[in-house]
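Here's the structure we're looking at; comments come further down.
A note on names: the letters A, B, ... follow the listed sequences, proteins ahead of strands, and every chain is numbered from 1. Quick caveat, the model's predicted, so the values are computed rather than measured.
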2 protein chains.
Amino acid sequence: MPGTDRRAWEVVLESIEADLLSGRLAPGDHLPAERALAADLGVGRSSVREALRVLEVLGLIRTAAGSGPSAGAIVVALPGGGMSALMRLQVAAQGFPVADVVKTRLILEAAVVAELARASEPAGDTGPAGASAHPDLTGSAQLLDAMEAPDLTEAEFLALDTQFHLSLATASGNQVITATMAGLRSAIEGYAQAGALGLASWAETSARLRGEHRGILAAIDSADPELARALVVSHIEGYYAETHDRPLHARPPAPEPT
Amino acid sequence: MPGTDRRAWEVVLESIEADLLSGRLAPGDHLPAERALAADLGVGRSSVREALRVLEVLGLIRTAAGSGPSAGAIVVALPGGGMSALMRLQVAAQGFPVADVVKTRLILEAAVVAELARASEPAGDTGPAGASAHPDLTGSAQLLDAMEAPDLTEAEFLALDTQFHLSLATASGNQVITATMAGLRSAIEGYAQAGALGLASWAETSARLRGEHRGILAAIDSADPELARALVVSHIEGYYAETHDRPLHARPPAPEPT
DNA sequence: CGTGTACTGTGGTCAGACCACACCCGTCGC
DNA sequence: GCGACGGGTGTGGTCTGACCACAGTACACG
């Protein structure tokens with residue numbers, strides 16, 4: 001019979017996935033207790049725990065010890081953490097080249113700002129089927145204000161920068177893009193910080209970045225998709241080239257032929 | 001002291017991530033045996049196994065029992081499987097709306113074919129820094145030939161369709177996009193199949209899809225980025241609208257107010 | 001009626017045991 | 001001398017049982 005050859009924890013994972021797909025489990029629901037799940041599926045508790053651990057890292061469930069309504073494993077479906085862990089580790093393991101991460105981020109963010117600009121059309125929207133009239137960018141603007149503080153360290157500035165770019169993705173309303181952008185961003189966080197330390201003049205660079213941010217937001221507000229897209233492209237390509245001493249689309253330096 | 005309050009399996013995960021980042025671990029390397037790892041880090045073997053399970057699902061390692069050089073846990077960094085699992089489960093758990101998945105796929109694939117068309121410029125490339133001259137699309141073309149077989153079932157056709165679209169991403173050479181496209185595609189595989197069964201005329205639709213595929217490839221070959229992009233957009237939007245009875249950018253029908 | 005304490009069930013962790021497996025190497029037979 | 005065969009050894013895979021910390025709950029007590 002099929003299924004017997006699968007590893008025990010895979011059986012658990014598939015069972016839970018089937019419950020999700022069939023609607024027996026929905027966000028907010030409690031999973032059965034680990035011991036009960038083990039008994040139901042005929043596997044050991046440790047196998048159940050391995051499956052639950054995977055689901056937790058992937059952002060599908062949240063676990064809490066103790067008793068009461070908030071205890072146990074609860075379906076949450078928050079993809080951000082899982083995507084970040086996946087991309088961070090793949091970059092660490094050299095499965096994802098940093099340049100590919102940046103290129104992908106560039107594509108997604110350019111599309112996001114172009115759509116935001118399109119949706120920002122003052123009158124007549126994109127039609128009655130338009131996603132959401134006038135996406136909320138007040139949070140993004142507030143982040144830009146916070147970045148004007150003169151005594152920010154590189155790390156603080158970059159943390160706000162991350163939040164700003166992420167807020168644009170959030171404003172687009174696309175859950176997949178939001179989570180992916182969060183993952184891409186966290187994957188290269190270390191590189192962005194390392195690059196900032198090697199810059200000739202941080203004050204000069206950060207001033208330029210601030211100005212570019214304002215320009216992007218202005219282009220969105222003025223409903224100019226192509227301008228917004230172009231500004232994002234030069235913003236990201238510029239920072240990459242400045243911190244890596246080569247343009248984004250160049251071949252990386254040949255690996256040492258040791 | 002920090003780190004003590006973290007859960008045991010997180011300690012293992014962080015330890016391995018640190019080894020990857022520092023270069024102590026690289027693709028192809030063996031991880032220490034589970035029992036040794038547990039002893040080194042002062043945790044139980046079950047905690048080590050939970051961490052390794054996560055790494056395995058994320059595509060970071062491959063495990064094999066037995067003895068010899070191929071046994072044990074080996075760093076592999078194959079992001080496709082992990083991305084697929086993550087997106088499939090997030091769609092199942094309603095963290096990712098299907099429409100957002102399709103929209104994201106549309107953005108990425110449009111960018112991919114546009115870049116392929118740009119790189120297909122017959123002479124003078126994109127300069128000495130160009131990614132790779134003339135990306136290899138023979139595999140993509142062969143898949144289209146295979147899709148001409150008249151006796152294909154819906155499932156077989158869609159499987160080839162998945163491979164075709166994935167081959168385009170692969171041809172771009174971008175690891176992140178390739179893995180992401182694989183994940184997006186596997187996440188909506190079930191919906192694509194269910195949609196195919198509800199079509200008025202599968203023969204008619206599949207014939208149209210075949211023609212559109214040829215057109216996309218032709219646009220790439222003729223180095224026309226904008227045409228390739230437009231064809232991809234209408235290809236994906238068309239299939240979505242046909243199988244969901246509404247355009248991709250429309251609001252989904254209001255949920256039942258039960 | 002309020003308060004505090006024991007109880008119960010949860011996830012978190014560990015230790016130990018057994019299994020199947022695959023390689024390695026020594027022995028045995030030719 | 002050489003090949004085949006068999007046990008030895010170490011691996012991941014799994015299960016069992018136990019203990020802990022924790023948080024809510026029920027009940028007895030004042």
Worksheet item: What is the distance, rounded to the nearest whole Å, between atom CZ of A/Arg6 and atom P of D/dT14?
Response: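 Value for this atom pair: 13 Å.
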
Worksheet item: Can you check the B/Ile74 CD1 to D/dT11 P distance for me, whole Å?
Response: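 These atoms are roughly 13 Å apart.
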
Please identify each residue that fulfils ring pair (Phe, Tyr, Trp, His ring centres under 6.0 Å) with [X], with sequence neighbours left out.
X: B/His244; answer: B/Tyr240
X: A/Phe164; answer: A/His213
X: A/Tyr239; answer: none

Discussion item. Once salt bridge (charged side-chain N to carboxylate O under 4.0 Å, His left out) is applied, do any residues pair with A/Asp161, and if so which ones, sequence neighbours excluded?
Written reply: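 A/Asp161 satisfies salt bridge (charged side-chain N to carboxylate O under 4.0 Å, His left out) with A/Arg185 only.
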
Worksheet item: Hey, does B/Gly68 reach any base, or is it just sugar-phosphate, or nothing, if we go heavy atoms under 4.0 Å?
Response: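 B/Gly68: backbone/sugar contact only, no base atoms under 4.0 Å.
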
Discussion item. Counting the atoms with a prime plus P, OP1 and OP2 as sugar-phosphate, which does A/Ala71 contact under 4.0 Å by heavy atoms, base, sugar-phosphate, or nothing?
Written reply: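 Here A/Ala71 touches no strand at all.
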
Fill in: Non-neighbouring partners of B/Asp19 that pass side chain to side chain contact (heavy atoms under 4.5 Å, CB included), sequence neighbours left out
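Partners of B/Asp19 under the side chain to side chain contact (heavy atoms under 4.5 Å, CB included) test: B/Ser15, B/Arg24, B/Leu25.
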
Fill in: Counterpart residues, side chain to side chain contact (heavy atoms under 4.5 Å, CB included), relative to B/Ala65 (two or more places apart)
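Checked B/Ala65 against side chain to side chain contact (heavy atoms under 4.5 Å, CB included); zero matches.
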
Worksheet entry | Segment of DNA chain C, first to last nucleotide, that comes within the 4.0 Å heavy-atom reach of chain A |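 Contact boundaries, 5' end first: C/dG9 to C/dT13.
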
Worksheet item: Would a 4.5 Å heavy-atom cut-off, applied to side chains only, mark B/His249 and B/Lys103 as touching?
Response: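 Answer yes - side chains close enough.
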
Worksheet item: Hey, are the side chains of B/Val112 and A/Ile107 touching, using non-hydrogen atoms and a 4.5 Å cut-off?
Response: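 Heavy-atom side-chain distance check fails, nothing below 4.5 Å.
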
Worksheet item: Taking the nucleotide of DNA chain D with the closest heavy atom to each, which residue, A/Ser70 or B/Ala64, is nearer the 5' end?
Response: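 Its nearest nucleotide being more 5', the pick is B/Ala64.
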
Discussion item. Assuming nearest nucleotide by heavy-atom distance, tell me which of B/Gly66 and A/Ala8 is located more 5' along DNA chain D.
Written reply: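 Result of the comparison: B/Gly66.
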
Worksheet item: Which residues pass the side-chain hydrogen bond (donor to acceptor under 3.5 Å, both in side chains) test with A/Thr170, sequence neighbours left out?
Response: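 side-chain hydrogen bond (donor to acceptor under 3.5 Å, both in side chains) check on A/Thr170 returns nothing, list empty.
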
Item to complete: Please name all residues satisfying side-chain hydrogen bond (donor to acceptor under 3.5 Å, both in side chains) with A/Gln90, sequence neighbours left out, ordered by chain then number.
Response: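 Counting only residues at least two positions away or on another chain, A/Gln90 forms no side-chain hydrogen bond (donor to acceptor under 3.5 Å, both in side chains).
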
Practice prompt. Would you mind listing every side-chain hydrogen bond (donor to acceptor under 3.5 Å, both in side chains) that reaches into residues 49-61 of chain A, with sequence neighbours excluded?
Written response: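 Every side-chain hydrogen bond (donor to acceptor under 3.5 Å, both in side chains) pair that includes a residue of residues 49-61 of chain A, provided the two are not neighbours, is A/Glu34-A/Arg49, A/Arg49-B/Glu50, A/Glu50-B/Arg49, A/Glu50-B/Arg53, A/Arg53-A/Glu56, A/Arg53-B/Glu50, A/Glu56-A/Thr63, A/Glu56-B/Arg7.
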
Discussion item. Using C1' atoms of five pairs at each end, report the bend of the helix from C/dC1-D/dG30 to C/dC30-D/dG1 rounded to 10 degrees.
Written reply: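 Between the axes fitted at each end of the helix from C/dC1-D/dG30 to C/dC30-D/dG1 lies an angle of 30°.
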
Fill in: Sub-4.0 Å heavy-atom contacts from residues 36-54 of chain B onto DNA chain D, ordered by number
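Those residues whose heavy atoms fall under 4.0 Å from DNA chain D, taken from residues 36-54 of chain B in numerical order, are B/Arg45, B/Arg49, B/Arg53.
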
